[in-house]
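A short write-up of the structure that comes next.
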Amino acid sequence: MAGRLFKPGPGARDLAFLISCNCAGENAGKRDGGHSMVVDPWGKVLAEGGEGGEIITAEIDPARLNRARKEFPALADRLLR
């Protein structure tokens with residue numbers, strides 16, 4: 001599934017945690033993808049749901065975000081006007 005491949009990217013690109021929810025199961029005869037996930041600032045998947053309905057949990061550590069932004073200061077190169 002393409003979502004599983006591409007979801008970790010935005011978190012790593014923006015150096016932020018990504019919490020992505022997706023419909024799961026079947027609706028009106030069509031299968032929904034599922035695979036909601038929580039991704040850390042480095043693109044590591046911390047929690048992932050399956051194809052059925054479920055609740056996922058993950059611990060989000062703000063210090064991990066600060067470390068990632070210190071180790072890879074790409075956001076400092078932005079130009080805001």
Side-chain angles (χ1 to χ4, degrees):
M1 166 196 211
R4 293 179 72 199
L5 175 66
F6 296 115
K7 282 182 188 174
R13 178 196 65 215
D14 298 335
L15 292 173
F17 283 95
L18 172 76
I19 302 170
S20 172
C21 61
N22 196 14
C23 294
E26 193 172 313
N27 185 15
K30 294 188 179 180
R31 192 111 184 102
D32 291 320
H35 294 281
S36 297
M37 58 177 65
V38 179
V39 182
D40 81 356
W42 289 113
K44 178 182 176 190
V45 177
L46 302 178
E48 180 178 2
E51 293 180 8
E54 62 186 286
I55 295 173
I56 60 172
T57 61
E59 186 172 323
I60 295 178
D61 180 6
R64 190 177 194 144
L65 176 64
N66 294 333
R67 276 194 311 275
R69 289 182 175 178
K70 241 182 202 171
E71 292 172 20
F72 189 72
L75 297 177
D77 292 339
R78 290 185 307 182
L79 198 56
L80 302 176
R81 294 174 196 240

Next item on the list: Return each pair, listed once, that meets side-chain hydrogen bond (donor to acceptor under 3.5 Å, both in side chains) where at least one residue sits in residues 59-68; pairs must be two or more places apart or across chains.
Entry: Asp40-Arg64
Next item on the list: List the steps, then state whether side chain to side chain contact (heavy atoms under 4.5 Å, CB included) holds for Val39 with Leu46.
Entry: CA-CA 5 Å; Val39 182; Leu46 302 178; over 6 Å; no
Checklist line | Considering all heavy atoms, the nearest Glu26-Arg31 contact | finding: N-NH1, 4.0 Å
Next item on the list: For side chain to side chain contact (heavy atoms under 4.5 Å, CB included), just list the numbers for Leu65 and Phe17, CA-CA rounded to whole Å, side-chain angles, deciding distance to a tenth of an Å, and then say yes or no.
Entry: CA-CA 7 Å; Leu65 176 64; Phe17 283 95; 3.9 Å; yes
Note to self: Could you work out, with side-chain contact (heavy atoms from CB on, under 4.5 Å) as the rule, every residue matching Ile56, not counting sequence neighbours?
What the structure shows: Ser36, Val38, Ala47, Glu54
Notebook entry, point to check: Just how far is it from atom CD of Glu48 to atom OG of Ser20, taken to the nearest 0.5 Å?
Noted result: 10.0 Å
Notebook entry, point to check: Judged by atom type as modelled, is there a donor-acceptor pair below 3.5 Å linking the side chain of Asn22 to the main-chain atoms of Gly34?
Noted result: yes
